[in-house]
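Positions are given from 1 along the sequence.
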Amino acid sequence: MPTVSQNALFGMGNPLLDISAVVDKDFLDKYGLKPNDQILAEEKHKALFDEIVKKSKVEYHAGGSTQNSVKIAQWMVQEPHKVATFFGCIGTDHFGEILKQKAAEAHVDAHYYEQSQEPTGTCAACITGDNRSLVANLAAANCYNKEKHLDVDRNWSLVEKARVYYIAGFFLTVSPESILRVAKHASDNNKIFGLNLSAPFISQFFKEPLMKVMPYVDIVFGNETVSLHVPRWFTEDIAEIARRVQSLPKVNKNRQRIVVFTQGREDTVATVGDKVKIFPVLDIDQNDIVDTNGAGDAFVGGFLSELVQEKPLEECIRAGHYAANVIIRRVGCTFPEKPDFH
């Protein structure tokens with residue numbers, strides 16, 4: 001059983017301070033939100049952030065999809081600390097300081113690119129029942145600068161230290177050239193590069209950068225709503241979509257691409273060799289579900305925690321299901337002190 005080393009897992013993405021609150025249907029309607037969706041804030045959503053903080057009881061958490069996943073991977077691994085490295089851009093402001101503190105508390109080795117043009121990004125999680133509507137105001141997260149951060153020797157050396165890489169598709173909207181540099185490094189050195197399809201708008205509006213990165217991707221993550229939009233396959237058969245994503249061109253022939261699609265409370269679908277297999281999720285009483293916000297990120301975090309320890313795919317998926325099952329019983333992407341995973 002290989003012991004896992006510091007900085008073995010590398011994540012890069014949009015660090016956001018999550019602001020979660022329970023809202024009502026009128027609030028969603030006012031801002032034209034769907035109960036279960038992920039969108040980027042537009043001009044009409046600007047007032048939403050102030051309103052949610054004023055009107056509701058809010059909770060703050062270090063968020064952003066990739067940061068959530070590496071945080072959960074670190075929690076699952078426990079020791080040593082700083083197994084996970086994270087890069088992203090924040091503002092030199094109060095929310096940025098909270099984010100740094102939260103990352104340190106989660107024992108993640110966060111190296112943020114800090115700039116003063118834009119404030120630290122935020123994500124409003126508007127919770128209605130067991131649905132969540134996420135509105136992200138990327139702000140500083142949009143300002144990540146490859147030349148000023150990723151390409152700096154001391155930062156790039158952390159990239160080189162890693163064995164497993166994970167980036168959520170959301171970062172394609174910010175710095176596709178950074179993703180490509182990391183993905184090519186992984187491919188050239190026979191390391192593992194994972195990418196999440198993240199949200200329907202990524203494959204709809206950022207298809208070109210997505211398809212540039214895809215040849216270097218060893219593991220593709222997604223969920224049932226996202227998979228239906230992966231370049232319009234004109235089929236709703238998740239297993240068939242997984243097969244087609246697996247067969248897209250790939251540079252490193254030493255690793256067969258793995259495709260993993262979660263479907264909420266339905267079975268997880270994954271390609272195993274040339275077959276597509278079904279992995280049942282853990283049962284949960286609907287009354288125990290507090291907040292599905294972060295379930296997908298948690299699944300990936302659990303998965304990565306075993307992957308970085310070189311465990312087989314079945315074990316990675318089992319850990320993913322466990323982590324998601326823990327997270328949905330709590331508000332936001334939070335977890336108890338220690339995992340109970342054996």
Side-chain angles (χ1 to χ4, degrees), residues 1-13 65-74 76-77 80 82-87 108-109 150 156-172 176 178-198 210 212-222 242 245-262 268-274 277 279 296-320 323:
M1 152 89 211
T3 52
V4 61
S5 54
Q6 287 193 330
N7 306 108
L9 173 63
F10 176 85
M12 180 166 59
S65 185
T66 305
Q67 187 163 239
N68 278 341
S69 293
V70 300
K71 198 169 78 169
I72 282 166
Q74 178 67 56
M76 289 281 287
V77 170
K82 299 191 175 180
V83 163
T85 314
F86 179 76
F87 286 6
V108 169
D109 195 15
L150 184 67
W156 184 252
S157 69
L158 287 167
V159 176
E160 292 178 325
K161 257 181 106 170
R163 294 199 310 271
V164 174
Y165 302 82
Y166 172 70
I167 299 176
F170 295 122
F171 202 57
L172 286 164
S178 294
I179 300 180
L180 261 178
R181 183 170 182 205
V182 172
K184 283 179 176 167
H185 167 80
S187 182
D188 292 347
N189 294 279
N190 196 29
K191 297 171 176 183
I192 302 173
F193 184 86
L195 183 80
N196 204 316
L197 299 171
S198 295
L210 174 64
K212 268 194 188 144
V213 174
M214 198 54 86
Y216 305 100
V217 180
D218 298 300
I219 306 180
V220 177
F221 295 97
V245 173
Q246 183 186 43
S247 63
L248 291 169
K250 189 165 187 302
V251 174
N252 178 7
K253 303 285 190 259
N254 296 324
R255 293 182 187 279
Q256 186 174 23
R257 180 179 292 125
I258 295 168
V259 182
V260 185
F261 288 149
T262 55
T268 294
V269 172
T271 58
V272 180
D274 295 324
K277 281 197 182 172
F279 296 86
D297 296 339
F299 173 84
V300 173
F303 188 103
L304 294 171
S305 73
E306 301 306 292
L307 185 66
V308 83
Q309 298 177 70
E310 298 174 27
K311 298 283 183 67
L313 178 70
E314 289 74 5
E315 240 351 66
C316 296
I317 290 176
R318 191 170 78 85

In a table with atom names and distances, give each donor-acceptor pair under 3.5 Å that connects a side chain of residues 164-172 to protein atoms at least two apart or in another chain.
unit_1: Tyr165; atom_1: OH; unit_2: Val159; atom_2: O; d: 2.7
unit_1: Tyr165; atom_1: OH; unit_2: Ala162; atom_2: O; d: 3.0
unit_1: Tyr165; atom_1: OH; unit_2: His185; atom_2: NE2; d: 3.3
unit_1: Tyr165; atom_1: OH; unit_2: Lys191; atom_2: NZ; d: 3.1
unit_1: Tyr166; atom_1: OH; unit_2: Asn196; atom_2: ND2; d: 2.9

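Contacts of Asp297 classified as salt bridge (Lys or Arg N to Asp or Glu O under 4.0 Å), with partners at least two apart in sequence or in another chain: none. For Ser247, the side-chain contact (heavy atoms from CB on, under 4.5 Å) test picks out no residue, with sequence neighbours left out. Evaluation of the side-chain hydrogen bond (donor to acceptor under 3.5 Å, both in side chains) rule for Gln74 yields no partner, not counting sequence neighbours. Annotation: side-chain contact (heavy atoms from CB on, under 4.5 Å) contacts of Glu314 (sequence neighbours excluded): Val272, Lys277, Phe279, Pro312. For Thr85, the side-chain hydrogen bond (donor to acceptor under 3.5 Å, both in side chains) criterion is met by Asn7, not counting sequence neighbours. Annotation: salt bridge (Lys or Arg N to Asp or Glu O under 4.0 Å) contacts of Glu160 (sequence neighbours excluded): none. When the side-chain contact (heavy atoms from CB on, under 4.5 Å) test is applied to Asn254, the partners found at least two apart in sequence or on another chain are Asn190, Asn252. Judged as a side-chain hydrogen bond (donor to acceptor under 3.5 Å, both in side chains), and not counting sequence neighbours, Ser198 has no contacts. Checked against side-chain hydrogen bond (donor to acceptor under 3.5 Å, both in side chains), Gln6 has no partners two or more places apart in sequence or in another chain. Residues meeting the salt bridge (Lys or Arg N to Asp or Glu O under 4.0 Å) test with Lys212, sequence neighbours left out: Glu208. The salt bridge (Lys or Arg N to Asp or Glu O under 4.0 Å) test applied to Arg255 returns no partner, not counting sequence neighbours.
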Open item on the list: The test is side-chain contact (heavy atoms from CB on, under 4.5 Å); show your working for Ile219 and Leu307 and say whether it passes.
Closed with: CA-CA 11 Å; Ile219 306 180; Leu307 185 66; 3.6 Å; yes
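The OH atom of Tyr216 lies 7.5 Å from the CG atom of Asp188; values are rounded to the nearest 0.5 Å. To the nearest 0.5 Å, atoms CD1 (Ile192) and CZ (Phe10) are separated by 15.5 Å. Atoms CZ and CG, on Phe221 and Leu195 in that order, are 9.5 Å from each other to the nearest 0.5 Å.
A donor-acceptor pair is defined here as one N or O able to donate and one able to accept, closer than 3.5 Å; no such pair exists between the side chain of Gln246 and the backbone of Ala270. At distances below 3.5 Å, at least one donor-acceptor pair connects side-chain atoms of Gln309 with backbone N or O atoms of Ser305. In this structure a side-chain-to-backbone donor-acceptor pair under 3.5 Å is present from Arg257 to Met214.
The shortest side-chain heavy-atom distance between Ile258 and Asp218 does not fall under the 4.5 Å cut-off. Looking at heavy atoms from C-beta onward, Thr262 lies out of side-chain contact with Val300 at the 4.5 angstrom threshold.
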